[in-house]
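Shown next, in structure tokens, is the structure this report addresses.
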Number of protein chains: 2
Amino acid sequence: MTSTIKDVAAHAGFSIATVSRAINAPHTVNPVTLAKVREAIQALKFHPSPLGRQLRGERTRLIGIVLPTLANPVFAECLQGIDELAAEQGFRLMLMTTQYDEQRERHAIETLRAQRVEGLILTVADADTHPLLDELDADGPLYVLMHNDTKRRPSVSVDNHRAASDGVRMLIAHGHRRILMLAGTLAASDRARQRHAGYTHAMQQAGLTPAPALEIDFNADELAPEVLAHLTDVQQSPTALFCSNDLLAMVVMRGLRGARMRVPQDVSILGFDGLSMGELLAPALASIGTPNREIGRAAWQKLMARIVGEYADAPLALTLPHTLREGGTIAAIANTPLARAGQAPHASRESDGALLP
Amino acid sequence: MTSTIKDVAAHAGFSIATVSRAINAPHTVNPVTLAKVREAIQALKFHPSPLGRQLRGERTRLIGIVLPTLANPVFAECLQGIDELAAEQGFRLMLMTTQYDEQRERHAIETLRAQRVEGLILTVADADTHPLLDELDADGPLYVLMHNDTKRRPSVSVDNHRAASDGVRMLIAHGHRRILMLAGTLAASDRARQRHAGYTHAMQQAGLTPAPALEIDFNADELAPEVLAHLTDVQQSPTALFCSNDLLAMVVMRGLRGARMRVPQDVSILGFDGLSMGELLAPALASIGTPNREIGRAAWQKLMARIVGEYADAPLALTLPHTLREGGTIAAIANTPLARAGQAPHASRESDGALLP
DNA sequence: ATGAAAGCGCTAACAC
DNA sequence: GTGTTAGCGCTTTCAT
């Protein structure tokens, strides 16, 4: 292992150039020579150092991965998909996480670029307004965005707008009128915006009044009192909550349970991500699913195509289909006891669904 | 960015050697010169190429990570912990996953070694009988194992034996006698063995008869019929299931639900891993918790200490404390209806707890 | 305090 | 078909 191409050359009795050729272009070298070189390689357990190759300006076979976090299975699954193909094709992955921090995004990209990665697969907070990506377009390595929902850049994602409105329409079809959207505090992302836009769209289309997303602190053990108050408000309480991601939905479910609210009898819940563990909850979490492993694989393939220079005319943004998982957390409003403790049944649910200022 | 140390030297009017010193040993260079060089660096947006440094035989500031999978949050969390410290300390991470396959473990280690990583953090299937690790001990890069429960090698883990027996004792304290351990089919790992040994120990200590672990196919959508038959067998059915990991526990819970078995009324469940999402299940999953983020961080620190050469006398294996989460999936046997459908109450539960051949 | 030069492991002209 | 040589970007003696 510590042996170099020089050692092999000496051992085989040829020059290092011949050894190099024997490795990289076997057909250009005399079969007899080839055999001897190969024997020497065997004997010395020689493996070409990627470092030498990389420095020489060759292909580094290195791909940089930039993700917000691995704590969210969405990204871990994407990475899994990427890794499958990378391993298959002999590429190495350099991983950096950003915690949704733009500073760290910049740092990661610079580090990776300095490392001469051949390409970058990344998920950034906001793809549209990101100066870094313009820089990459200009002279950085090739990249593909993952889960960033933008038409302007090379990306693989679901149609968040459409997915969200599909989900909300489904809630409406189940008789819900007062539907509130919940989002994480860090949710200034393009996809969060798209999801809220989709929610808004579906609401308006049904003649209902959409509300701004209610922000939830992700890390808190319990729901903030004002949030809880809002959710349980006798007059205005929503009958369904659309959570901008599944982790958030789970946190909210726990919070509600702590507040003695029953899901779905008192309130229905729809998540977003389709995390498989959501199905194991009781009741199973209804959710809009994204094919994360596939998104990772597609991002890889798109990146490779760009590197090879194929499909230069392929559409920038690839949209993969989302799915709708109708789990047990959604109750038809007809089946829902309209009255909660101390609250009389009222027809106003059917009125306009206005939620809050 | 595409500028090299040469460009900087030219721009500043000094030799590349001086620029190099200005970067790596600022105190050895004239303050005025230093200022000029720094200005040039700014102007050209120069970042030293890691590649050049690495090739020169210097520190690569590269650490290899080898994990079975990222689909299991246990490893994703460990990686998260590692990444935190790596980013802080300016190291880059090269990641490879193995899917518990020894071939791929070998390949990953060789790839990483060729890449001149300064160190390796890995989780292998079986640390004790692994020739690769002996090779690493001999001349590989320094490494630290994570979650591999062995005393013979540098590692960070919980005491799986003790953790398992703690858990099983807890079940026994709740009145359970027929306790069966379930393991994944891929579970020929050292930690799975330790967990089963811990189970066996606790059972015997209580005068009960332990059974071999029942293997469950992880990926199947439903529990295999023979497994289900075994779990529901009128005469011998266990009152509690100890699952060797949480993901498995969740799959089993779903399978049981499909078979109309109630948890914990009909059967109690204890998992292993302490996945935070387990708390969100209903009922919340009882589990033995491992501090994954901390394990990742500790592995990092141990590796760094080894690289620097400190603590050469530190104990090889670091054991972190596990926790016991007593969730809703465990019922005291006294409260359990002893009779299930078509089965009369019987005192034999109190007898010897024998489970199966 | 600074520069010249060697060399890390490899590939790619360019000779022969 | 094979060898010679230059150089990728950097650090590090060894001189000056």
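So you know, we letter chains A, B, ... as the sequences are listed, proteins then strands, and number each from 1. Keep in mind that what you see is a predicted model, and the values were worked out from it rather than measured.
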Take B:H147 and B:N160, measure what side-chain contact (heavy atoms from CB on, under 4.5 Å) needs, and give me the verdict at the end. CA-CA 9 Å; B:H147 267 297; B:N160 283 283; 5.8 Å; no

Go through the steps for A:V156 and A:L320 under the test side-chain contact (heavy atoms from CB on, under 4.5 Å), then give the verdict. CA-CA 7 Å; A:V156 178; A:L320 262 41; 4.1 Å; yes

Name all pairs fulfilling the ring pair (Phe, Tyr, Trp, His ring centres under 6.0 Å) condition that reach into residues 48-75 of chain A, sequence neighbours left out, sorted by first residue then second.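 Residue pairs with at least one partner in residues 48-75 of chain A: there are none.
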
Rounded to the nearest angstrom, tell me the gap between atom CG in A:L44 and atom P in C:dG9.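 Going from CG in A:L44 over to P in C:dG9 covers 13 Å.
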
Rounded to whole Å, how long is the line connecting atom NZ of A:K6 with atom P of C:dC10?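 In whole Å, C:dC10 P lies 10 Å from A:K6 NZ.
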
Pairing of [X] and [Y] as salt bridge, 4.0 angstrom limit:
X	Y	answer
A:R193	A:D126	yes
B:K45	A:E110	no
B:D128	B:R153	no
A:R106	A:E135	yes

What residues, two or more places apart in sequence or in another chain, satisfy salt bridge (charged side-chain N to carboxylate O under 4.0 Å, His left out) together with B:D7?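 By the salt bridge (charged side-chain N to carboxylate O under 4.0 Å, His left out) rule, B:D7 matches no residue at all.
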
Can you give me the first and the last nucleotide of DNA chain D (5' to 3') that has an atom within less than 4.0 angstrom of a non-hydrogen atom in chain A?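 The contacted stretch runs from D:dG1 to D:dG9.
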
Mind checking A:L55 for me? I need base, sugar-phosphate or nothing, with any heavy atom below 4.0 Å counting as a touch.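 Since a base atom lies under 4.0 Å of A:L55, the category is base.
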
If you look only at pairs with a residue in residues 82-91 of chain A, which of them pass as a side-chain hydrogen bond (donor to acceptor under 3.5 Å, both in side chains), with sequence neighbours excluded?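 Pairs touching residues 82-91 of chain A that pass the test: A:D83-B:T97, A:E84-A:R293, A:E84-A:R297, A:Q89-A:W300.
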
For C:dG9 and A:S49 - does any side-chain N or O of the residue sit under 4.0 Å from the phosphate oxygens OP1/OP2?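 No, because none of the side-chain N or O atoms of A:S49 sits under 4.0 Å from OP1 or OP2 of C:dG9.
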
Contact summary for A:I63 and A:V117, nearest pair of heavy atoms: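 Taking every non-hydrogen atom into account, C-CG1, 4.1 Å.
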
Base contacts versus sugar-phosphate-only contacts with protein, heavy atoms under 4.0 Å: please encode nucleotides 11-16 of chain C as B, S and - from 5' to 3'. BBB---

Five-pair end axes of the helix from C:dA1-D:dT16 to C:dC16-D:dG1, angle between them (10°):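 Comparing the axis at each end, I get an angle of 40°.
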
